[in-house]
Q: 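I'd like to ask you about the structure that follows.
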Amino acid sequence: MATPPHTAPAPWRDTTLDPETRVDALIRAMTPREKIAQLYGVWVGASDEGAEVAPHQHDMEEPVALDALIPDGLGQLTRPFGTVPVDPALGALSLMRTQQRIAAGNRFGIPAVAHEECLAGFAAWGATAYPVPLSWGATFDPDLIREMAGAIGRDMRSVGVHQGLAPVLDVVRDARWGRVEETIGEDPYLVGTIATAYVQGLEAAGVVATLKHFAGYSASRAGRNLAPVGMGRRELADVILPPFEMAIRESGVQSVMHAYTDTDGIPSAADDELLTGLLRDTWGFTGTVVADYFGIAFLKTLHGVAATFGEAARTALAAGVDVELPTVKTFGAPLAEAVERGQVPETLVDRALRRVLLQKARLGLLDPDWSPVPPVLEHADTTDPELLRGTVDLDPASNRALARRVAERAVVLLRNDGTLPLDPATPLRIALIGPTAEAPTAVLGCYSFPVHVGAQHPDVPLGIDLPTLHDALRAEFPAADIAVAQGTGIDDGATEGLPGAVALARDADLVIAALGDRAGLFGRGTSGEGCDAESLSLPGAQQQLLDALLDTRTPVIATLLAGRPYALGRATDEATAVIQSFFPGESGTAAIASVLSGRTDPSGRLPVTVPRHPGAQPSTYLAARLGHASEVSSIDPTPAFGFGHGLTYTTFTWSDLTVAAAEAPTDGTIRLAFTVENTGPRSGTELVQLYLHDPVASVVQPVQRLIGYTRLDLAAGEKKLLAVEVPADLASFTGRDGRRTVEPGELELRLSTSSTTPTLTARVTLTGPARHVDHHRHLHASFRITPHTAR
């Protein structure tokens, strides 16, 4: 038999070439419509029978004909697992078959990028529900969050998903905003460090992370979702942007999502200074910018800066948006027609296309040996889909154990009069009273699959085990007699159950008040996207219930499963104890119970301020002097519990602060050392927080801001020496000329247990000329921890 002649692969298939060369060759071979097809997604739902995906019929868009699109190719598949409940194995088969069809249907054999939500775990039926990001912030533990993100990413990649729409880097500015649960907290340094760790974990698992929402979404006026943003450029530069800058510099993140909002009249999707000038030209970001869902069309329908969808497409593309999500609208026919008419330069399309194809090349989607078969199906018989059902476990024991570790580390003990921990062997009569006592989904945020999607399919099982707080307490306290009453609903305002709840409380040795939120979407919950609050009072009649329980004089432990901080009224001072947990996921109730018993030492700290008064908003600890209590206003914003607050079951003593030098140049480093000793009866975790106070600056500064932190685990009687190095760069801020500056002058470095509790203070002076710094500046203080020896 004659040997067939050797045929060189197409350049874009040649893996011996660098990705840029391969992609440039592919772009040259494509027609304008084939190019544009790579710049949008189609919202689909996988089939629970393993058939190909079906386009999702959404009330905001017209139905999409997938058959008509595939010959030109397709950029992305939107949420194949996160649209309807589907068995994971059959969802993987459905996605596989669809990818085969997409690759076979276009001239170049290019598959789509499949993306999913992963804000509190992979948003798929049966996947582990981890704590929400606000709980990640409460851990103050980047290493643990990196580990969690790695587990999430591996599960996503195993079934064929390439991109995750997380993390959220919005800094909380007003806790009435419904999406507070999706954020990491109210401090940019905390948000940046935790989010960067999450990105590192997800991307190490082979999944593209997506920073969102860039930028300013959380600063909407009055905490209303998608309201205008009126902040100045300095607040944007010093509060909103630093977490994004840190993640881009340190994580290798490959995608960014623009925000919905407009800031000072400029929508983020139309802001070329933000998406191109800052993000790419200054920070050097080289990945893709994807649209928040329907965000490009909103330039016409909501923002009113485009007269047509074609104009909206041109505006977003010119600003730097590369991919339209969730489905084709403005980047379809309107963009194609605008290119054909010469209204949009094809070079703009090529610019976005190059970024999209480079990402696909790096994911291996342009390689000649690319296979649509995901890892979970590599050795499976796919000829009979029903044999696959139940063979893929996205909630294995290792995931559940990890979810529990995160939840335990995120529980915050706000108050304790010494009653906690409770002895599990003591035969207590416990009255468990409140609307979250027996609600399985009370531990879940709005982007968890059972809430986000499962709520629309009430006949479908949850897919994961969600022990209620009642279940967890019975398991943790087997000797206790636990009686339960709801008292009132989450937000129905009902009070007819109060007398029975009060009677139950009077007969008990102890009351555990189970309070909090119900996550939902667009008004269907008390927390979540579109579920903004008029004030930070507990929803419904829960405060009335809590006050009635306090009136019984039976000791009350207030326990919150919530998506935002709430003012607790009298309980702030009168409750026996207060436990705060932010939607802690499927293992959350067990984590709370283990903290109550002392089997887990509480180590969480507040990532957001808990207000004393429900109407003192907006207020975060990052307020300037005029934002604090004064004699010229009748509103006192002093918190009940400040940012960073959290108690333990032991005590710590900080001592022996030394400062290497009282002065340091504006380009130098400040060096401190001090000792922390566990002086209590049991092991515990101290969270060392480093705040900077600048008494005099050329522009108004917050009274203090977090510039570093470290967790310190100490056994009873153990002490450690901490050496801290603080680069002067950390004192920089945006000056009058709009440039980031380190100014000479006096500083205070406050070593604190919370924003309201400075423990040791070092006063130092920066000397020399004012110094401008940029995005190459130092971002972190360093902590070196060693066993204490006599000095």
Q: With distance as the sole test, does Glu182 use its side chain to make a donor-acceptor pair with the main-chain N or O of Leu119 at under 3.5 Å?
A: no
Q: How close do Thr210 and Val290 get, counting heavy atoms only, and between which atoms?
A: CG2-CG2, 4.0 Å
Q: Between the side chain of Thr391 and the main-chain N/O of Leu388, is any donor-acceptor distance below 3.5 Å?
A: yes
Q: Measure the CZ-CD distance between Arg179 and Glu181 for me, rounded to the nearest 0.5 Å.
A: 9.0 Å
Q: Is Tyr40 close to Gln76 at the side-chain level, that is, under 4.5 Å between some pair of heavy atoms?
A: no
Q: State the CZ-CG distance between Phe214 and Asp170, to the nearest 0.5 angstrom.
A: 11.0 Å
Q: Does the side chain of Val289 come within less than 4.5 Å of Ser255's, by heavy atoms?
A: no
Q: Closest heavy-atom contact between Ala247 and Thr196?
A: CA-OG1, 3.3 Å
Q: Answer yes or no: is there a donor N or O on one side and an acceptor on the other, between the side chain of Asn106 and the main chain of Gly109, under 3.5 Å?
A: yes
Q: Salt bridge (charged side-chain N to carboxylate O under 4.0 Å, His left out), that's the test. Do Lys329 and Glu324 meet it? Break it down for me.
A: CA-CA 8 Å; Lys329 179 70 173 182; Glu324 181 175 31; over 6 Å; no
Q: What I want to check is whether the side chains of Thr21 and Asp18 have a donor and an acceptor closer together than 3.5 Å.
A: yes
Q: Given side chains that start at C-beta, do those of Glu116 and Phe449 come closer than 4.5 Å, heavy atoms only?
A: no
Q: Check each of Arg362, Arg354, Arg355 against Glu20 using the salt bridge (Lys or Arg N to Asp or Glu O under 4.0 Å) test, and report the only one that passes.
A: Arg362
Q: Are any of the side-chain heavy atoms of Leu317 and Leu335 separated by less than 4.5 Å?
A: yes
Q: Run His162 and Lys360 through side chain to side chain contact (heavy atoms under 4.5 Å, CB included) and show every step you take.
A: CA-CA 9 Å; His162 308 100; Lys360 288 194 173 186; over 6 Å; no
Q: Between Arg409 and Asp141, does any side-chain N to carboxylate O distance fall below 4.0 Å?
A: yes
Q: Under the criterion side-chain hydrogen bond (donor to acceptor under 3.5 Å, both in side chains), I'd like the reasoning laid out for Asp395 against Thr128: C-alpha separation, chi angles, the key distance, then a yes or no.
A: CA-CA 5 Å; Asp395 188 33; Thr128 304; 2.7 Å; yes
Q: Check this for me: does any side-chain nitrogen of one of Asp87 and Arg389 sit under 4.0 Å from a carboxylate oxygen of the other?
A: no
Q: Under 3.5 Å, is there a donor-acceptor pair between the side chain of Ser251 and the main chain of Gln200?
A: no
Q: Any side-chain heavy atom of Phe122 within less than 4.5 Å of one from Val161?
A: yes
Q: Just checking, Lys212 and Tyr447: is the charged tip under 6.0 Å from the six-membered ring centre and within 45° of the axis?
A: yes
Q: So, Ser94 side chain and Ser47 main chain: donor-acceptor pair closer than 3.5 Å or not?
A: yes
Q: Using 30° and 60° as the class limits, which term best fits the ring planes of Phe294 and Phe298: parallel, tilted or perpendicular?
A: tilted
Q: Would you check, one step at a time, whether the test ring-ring contact (aromatic ring centres under 6.0 Å, His included) holds for Phe108 with Trp12?
A: CA-CA 9 Å; Phe108 305 101; Trp12 50 87; 5.5 Å; yes
Q: Let me see the working for Val321 and Ile296 under side chain to side chain contact (heavy atoms under 4.5 Å, CB included), right down to the final yes or no.
A: CA-CA 9 Å; Val321 181; Ile296 300 175; 3.9 Å; yes
Q: If I take atom CG from residue Asp384 and atom CD from residue Glu386, how far apart are they, to the nearest 0.5 angstrom?
A: 7.0 Å
Q: Can you tell me how far CZ of Arg405 sits from CG of Leu402, rounded to the nearest 0.5 angstrom?
A: 5.5 Å
Q: Please assess Ile240 against Tyr217 for the test side chain to side chain contact (heavy atoms under 4.5 Å, CB included), listing each intermediate value before the final yes or no.
A: CA-CA 9 Å; Ile240 301 299; Tyr217 187 25; over 6 Å; no
Q: Given the rule in the side chain to side chain contact (heavy atoms under 4.5 Å, CB included) test, do Leu241 and Trp283 qualify, once you have shown the distances and angles that lead to the verdict?
A: CA-CA 11 Å; Leu241 293 177; Trp283 290 350; 4.1 Å; yes
Q: Minimum heavy-atom separation for Val406 to Thr139, with atom names?
A: O-CG2, 3.8 Å
Q: Between Lys35 (side chain) and Ala352 (backbone), is there a donor-acceptor pair under 3.5 Å?
A: no
Q: Determine the sole option in Leu365, Leu74, Leu363 for which the side-chain contact (heavy atoms from CB on, under 4.5 Å) test with Pro111 is passed.
A: Leu365
Q: Hey, are Glu311 and Lys300 close enough for a salt bridge, meaning a charged N less than 4.0 Å from a carboxylate O?
A: no
Q: Which pair of non-hydrogen atoms, one from Val256 and one from Phe285, has the smallest distance, and what is that distance?
A: CG2-CZ, 3.7 Å
Q: Pro131 versus Phe583: any side-chain heavy-atom pair under 4.5 Å?
A: no
Q: Measure from the side-chain N and O atoms of Arg249 to the backbone N and O of His775, and report whether any donor-acceptor pair falls under 3.5 Å.
A: yes
Q: Enter the distance from Gln254:CD to Gln163:CD here, rounded to the nearest 0.5 Å.
A: 8.5 Å
Q: Report yes if the distance between the aromatic ring centroids of Trp136 and Tyr198 is under 6.0 Å, otherwise no.
A: yes
Q: Could you check whether Glu245 pairs with Arg777 (Lys NZ or Arg NE/NH1/NH2 to Asp/Glu carboxylate O, under 4.0 Å)?
A: yes
Q: First locate atom CG of Asp155, then atom CD1 of Ile152, and finally report the distance between them rounded to the nearest 0.5 Å.
A: 8.5 Å
Q: For Glu340, I'd like to know if atom CD has over 12 heavy atoms of other residues, nucleotides or ligands within 6.0 Å.
A: yes
Q: Taking all heavy atoms of Pro142 and all of Ala197, pick out the closest pair and write down the distance.
A: O-CB, 3.2 Å
Q: Describe, in one word, how the ring planes of His56 and Trp43 are oriented to each other, choosing from parallel (under 30°), tilted (30 to 60°) and perpendicular (over 60°).
A: tilted
Q: Measure across Gly160 and Leu95 and return the closest heavy-atom pair with its distance rounded to 0.1 Å.
A: O-CD2, 3.5 Å
Q: So Val44 and Thr83, do their side chains get closer than 4.5 Å, heavy atoms only?
A: no
Q: Does Ala319 offer a backbone N or O that forms a donor-acceptor pair with the side chain of Thr276 under 3.5 Å?
A: yes
Q: Is a donor on one side and an acceptor on the other found under 3.5 Å between the side chain of Thr330 and the backbone of Gly310?
A: no
Q: Arg13 side chain to Arg22 main-chain N or O, any donor-acceptor pair under 3.5 Å?
A: no
Q: Just so I know, are the side chains of Leu77 and Val113 near enough to count as touching, which here means a heavy-atom distance under 4.5 Å?
A: no
Q: Can you list everything that forms a side chain to side chain donor-acceptor pair (under 3.5 Å) with Tyr130? Sequence neighbours excluded, please.
A: none
